[in-house]
Structure formats: C-alpha cells, structure tokens
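Both backbone and side-chain heavy atoms feed into the values below; hydrogens, waters and symmetry mates do not. Keep in mind it's a predicted model, so treat the numbers as computed, not measured. Chain letters run A, B, ... following the sequence lines, proteins first, then strands; residues in each count from 1.
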Amino acid sequence: MLRFLIRRILFGILVLWIVTLGVFLLFFATSDDPAARFAGKSATPATLALVRHRLGLDDPLPVQYWHFLTRLLRGDLGYSFATQSPVTDMIKQALPASLSLILGAAVLWLAAGIVAGVISATRARTLLDRGITLAVLLGISMPAFIVGLTLSYVFAVKLQIFPQTQYVPIQNNPLQWFEHMVLPWITLALLQSAIYTRLTRGSLLDVLGEDYIRTARAKGLPERRVIYRHGLRSALTPVVTQAGVDIGVLIGGTLVTESVFGLQGIGQLTVQSLTIGDLPVIMGVVLIAAFFVVLGNLVVDVVYSFLDPRVRLS
Amino acid sequence: MSLTDLEAEASVPPASEEPDGRKIEGRSPWQLAWARLRKDKAAMISVVVIVLLIVMALLAPLIAKWVGYAPDFGDRKLGQTVDGLPVGPNGHHVLGTDRFGRDILVRSVYGARVSLLVGLVSTVLAVVLGVIIGASAGFYGGAIDTILARAMDVTLSFPYLLFALALAAGFGASVPLTIFVITFFSFASIGRIVRGQVLQIKEREFIEAARSLGAGSIRTMFIDVIPNLIAPVTVLGSMTIPTAIIFESTLSFLGAGTDPRTPTWGNMLSDATQSYTVAWWTLFVPAAFLLITTLAFNILGDAVRDALDPRSERLFAAQKANRKKKRK
C-alpha cells in the first residue's frame, strides 16, 4: 500500500511539472510581447525595456522557467504583473469561494444523483424512469450559464428570495455566506446531478444483472436488502471515482458558475489573468488547479482500494 | 428418424414462408435499427425539429427580409425605449430587441447558422480524427499505440476551457479557432473508445481468416475493421454534436468564442448579462433556441444508441420476465 501511494504521488508530481511547462511554453507561443501590455500604450522603448527587466522578461526562456521552478520549491509563486501583489496571497483569497461552491454543490448533486439514479434503475422502463431520463437529458442539454442566469433572474431579480451576487466569507457571516451560495450551488448541482443520475442508473442496472445478485435473491433475501446492501454497494464504486475526479477538476474549473454569480474564486482569477496575460497568476492558478486534479485522483485511488478488495490485491 | 429421413429433410430447400404464410425477409442490423428508431416517437419529433432548425438556418437571410430587419440593424426608433432600453415583444419586433435595438428573432435565426455549423463541422472533424488515431493505435499496437494512447490521455487531462481562453487571448476569437478547439478536445475521447473497440475486433476469428487469406494490413483495416466501428461511432458522433454546441456557446459566453459582433446564441446570451434584469427576452429567447437544439440532438442520440444496441433492450426484457414470474 505504501509503495503504491509513493508511486502515485511521484506520478502526480510528474504531471504537475508537465502542466507547468506546457502552460509556460503555450503562453510565450501565443502572446507576442507581454511587457508591452503592462507598459501602457505610449511607452517609449526605454520604459518598455525597464518594464521588461522588472518583470524578469528579458532573461532567456529557460532561465525564466528555472527561476519559476526554484521559487516554487520555496513556496513562492512570484508577483502579479498587473497588481504587483504576491500570487500566493491572491490564490489564498480566491480559494475559499471555490471550495465553498464545489463542496456544497457536491453534497447536493451526489444526494440528488444517487437517489434519482436508484429510483430510475429499480423502476426501469416505468413512467417514473422515463420522466427521470427526460430530466437528465434536459440537464445535460443546458449550458451552466443559462441555468445560472435563469435562476438568478427568477430568484434574485423577480422573487428576491436570494441576493444576487458576491461571495461573503463564512467567517464573516455564516448566514449571509449560505444565502449567497444557494443559487451557485443549485446551478452547479443541477448539471452535475444529471450526469450522476445517469451514471448511478447504468451502474446499478449492470450490477443487478450479476450472478451474485441472483444468488442473493435465490437465498430469499428481501428485494430491498438485495438492492441496497448487495447491489448499491458495488454499484457506487464508479460513482465515487467520478466524484473524486470531478471535485478535483472543478476546484480550478468552475469558470462559468463563478463568473455568472460574481464569486471571486479560482475560476474568475483564471479568466481575468488569461484575458490580460498576467503570466505569474496564470502559472499559479493552473498549478493549483492541476494540484487538485492530481489530489482528487489520488484520493480516488486510495478510497477505491478500500471499496474494492480486488484493486488492493493486484 | 432414420438417416434417409434426415437426408430427405436436408435436401428440401429452406422454408421461405412461415406456416401462417408470412414471408421471411432477411434484415440487416441497420434495417433493424432503423425500424426500432422509427417506432421511437421522441426520436422522430427530434428529427423534425432538427430539420426545421437547419432549414431555418439556411433561410436566415430570407427570414430577415420577411421580418424586415437586418441582424446588425440597431432600430433606434422602434427598437429602443426613450431611455435606450430594450423593447419587449410587440407588433414590430415579435420577440423584442436587445440593448442596441437589434431584432432578437432575426439574430436568433442567424445564430442557428453558427451553432449548427460549429456543432456539425467540429463533430465530423473530431470523429474522423478520433477514428484514424484510435484505430491506428488499436490496430498496430506496440510503440505506435503507446505514443498515440498517451497523447490522447494527456489531451483528456488538459484543462480545456483554460486552453481555449489562452488561445482566444493570443489569436483573437473566431469561428475557425472555436472549431479547432472543440475538435481538439473531442477527438481524444472518441479515439479512446475506438481504440478499445479495435482491440476487441482485432482478436476476432474473421480478422484471422482475412489474414490467413493474405489480406494486407491496409485492406484488413478498411474492409474488416472500420465497418464494424460504424455503429459505436454513429452513437458517439450523435452525442458529440450537442456537446460541441454547448461548448461553442460557453466559449462565446466567456468571450473566447466567436467575434462578439457575430450574431450567435452564445454572444447574445453573453450580451444578455447586461440587460436580463430588465429585459427577460434578451436572455430567454436565445436560451430557448439553444436548449431546443441541444435537447433535440441529445434525445436523438439517446434513441440512436438504444436502436443500435439491442443488448440493453434484452436486459430489460429479462427483467420484465423475472417480474412477471414473481407475480405468478
């Protein structure tokens, strides 16, 4: 188990390294002169050179990348080109909003998705199943921003049940934090629960066709026990896997939901830094996003080996 | 039964008629799938909706002429209130105007062009690329497989929205760039499934038979392997179209898709964020068009999968039989 863990961690570090290198090269391949953007329109060649030097852009690319790596090992992500503030501080400020959004939404979408999936699978081909299937299709047909804007129009603008935008830190005012998070949570969870309903339904239907389920039925277990004790337990393994991966991906990737609801999270930071070409911030958010993806996968691997003994043995 | 009886029976030509006189016709898997699909009412409605959308997109200039407003025409007299706000649905602008006084109906009709174009073109490109790469990886194996499969894994683990935003910031948003981005991030998931399919097909007896008859690898691939991929690829393709359309609108919404002046549903929705609190139609009209389109493609895709994959049907039939037995 320990060797397995160490191998996975080393692989994760390798992935992180490839991602930073890829983003670094992509940045310089797609933008002509980053210094020109921050020096202002009427900058003289002298100021331009000065700006370039101050931002460290006059070094050769390998040297710049080396500086980034050595600073990273000391936990320093550099300073934003645009605001001059430390990137680590910017990420620390943005992280709570993203974490609140994803973790809260994950509780909702897992609960809704698993319940709907089980109902749908145990009553396959009934009217209820068809209704759920249609709802799932509707869910995967809607872009996140339409759901978000619609919810915001109905509940914030028209009915005024929930406030419209902005993130309130939980330590400032837990009640307001909750109020401001409800619509973003529902937005994200609606789309995700459609996918999870489909996943749970398919997986449970597969499992219920297995021999050991027939054995369980044959020895006279009540149907409820067969489905929940024997069927659902192994049917949920792919659901857990998907959840771990999704939560990891979403922490750095809810660009749309964050931008619709004005949550200043990692996603917003990503959009802003990319549109203005703020390299240190881009590197920082990409690194933190990739870190959570790797972490999510790692957690899944460990949890998986507890859920499914066959994985541990191999 | 003696041996002669058996011989006599064998010499009789196979019965071409059922005892009750009905003719038995050989039906290909495709005919069976088509028959199943035709019975699916939801699928047939989706087909009609999709055809109507395509016709609407093709006739966009005619519709604009008939309505009387060009897609970029800002109507300052009838299309804006005295305070310069959008005008709701009325006799002049049937579905209202946006904050520049442009007709929402005409823009939505034009928006169908970009959405359908991007959705269809990038799906076709992604399928072609995915099949070529996936099939080569699965068919040739060895080093080629390792390189191609790893490349697909890396593509799939890349944060695609980020990549799209970076490219749009570097090169400027445009339709070809959007198609490129969507193709680039859709081909890998198709390629991976195709590779898995080819790995299975490769081990089947008829491939061995073709080889032993002296068929070369190109011939085996195109005559024996690829035709067996048509069913799974059709399903994948029909599911990729709505995803691509949603992807396009999301990119436009984040300002990384098409040129913001082009009338597309994503751009209209992005623009609606400025006005939807006072003018609901700027949000809900393009949203409805988008939703009807993606929903139609998704329902059709689901139905095509059910029609091409009778396995799921049989599973349900078995369950039904079980339940009936239990009731007895």
Query raised in the report: What heavy-atom pair brings A:Ser141 and B:Asn298 nearest, and what distance separates the two atoms?
Result: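 A:Ser141 and B:Asn298 have their closest heavy atoms at OG-ND2, 2.8 Å.
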
Query raised in the report: Would you find more than 12 non-hydrogen atoms of other residues, nucleotides or ligands less than 6.0 Å from A:Tyr153 atom OH?
Result: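 Enclosed: over 12 neighbouring heavy atoms sit under 6.0 Å from OH of A:Tyr153.
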
**Report entry** Enclosure of A:Phe11 CZ (heavy-atom neighbours >12, cutoff 6.0 Å)
**Finding:**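 No, the 6.0 Å shell around CZ holds no more than 12 heavy atoms from other groups.
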
Query raised in the report: Could you give the distance from CD1 (A:Ile146) to CG (B:Leu290), rounded to the nearest 0.5 Å?
Result: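 One gets 4.5 Å once the value is rounded to the nearest 0.5 Å.
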
Query raised in the report: Does some side-chain heavy atom of B:Thr294 sit less than 4.5 Å from a side-chain heavy atom of A:Met142?
Result: no

Requested in this report: Give, for atom CG of B:Leu269 and atom CG of A:Leu149, the distance between the pair rounded to the nearest 0.5 Å.
Outcome: 7.5 Å

Requested in this report: State, yes or no, whether a side-chain contact exists between A:Leu137 and B:Asp302 at a heavy-atom distance under 4.5 Å.
Outcome: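 In short, these two side chains touch, coming nearer than 4.5 Å.
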
Report summary line: The interface call for B:Phe297 against chain A, heavy-atom contacts under 4.5 Å, is neither

**Report entry** Side chain / backbone / both / neither for B:Phe253 at chain A, heavy atoms under 4.5 Å
**Finding:** side chain

Query raised in the report: Under 6.0 Å from the CG atom of A:Leu10, do we count more than 12 heavy atoms belonging to anything else shown?
Result: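 More than 12 within 6.0 Å, yes.
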
Requested in this report: Name the option with the most non-hydrogen atom pairs under 4.5 Å to chain B; the candidates are A:Ile18, A:Thr150, A:Val256.
Outcome: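 Highest number of heavy-atom pairs under 4.5 Å: A:Thr150.
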
Query - B:Leu254 side chain near A:Phe145 side chain, heavy-atom distance below 4.5 Å - result: no

**Report entry** Gap between atom CD1 of B:Ile246 and atom CD1 of A:Ile140 - 0.5 Å precision
**Finding:**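 Between A:Ile140 CD1 and B:Ile246 CD1, I get 7.5 Å after rounding to 0.5 Å.
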
Report task. Go through the atoms of A:Arg214 and report whether side chain, backbone, both or neither lie under 4.5 Å from a heavy atom of chain B. Result ->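 Neither part.
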
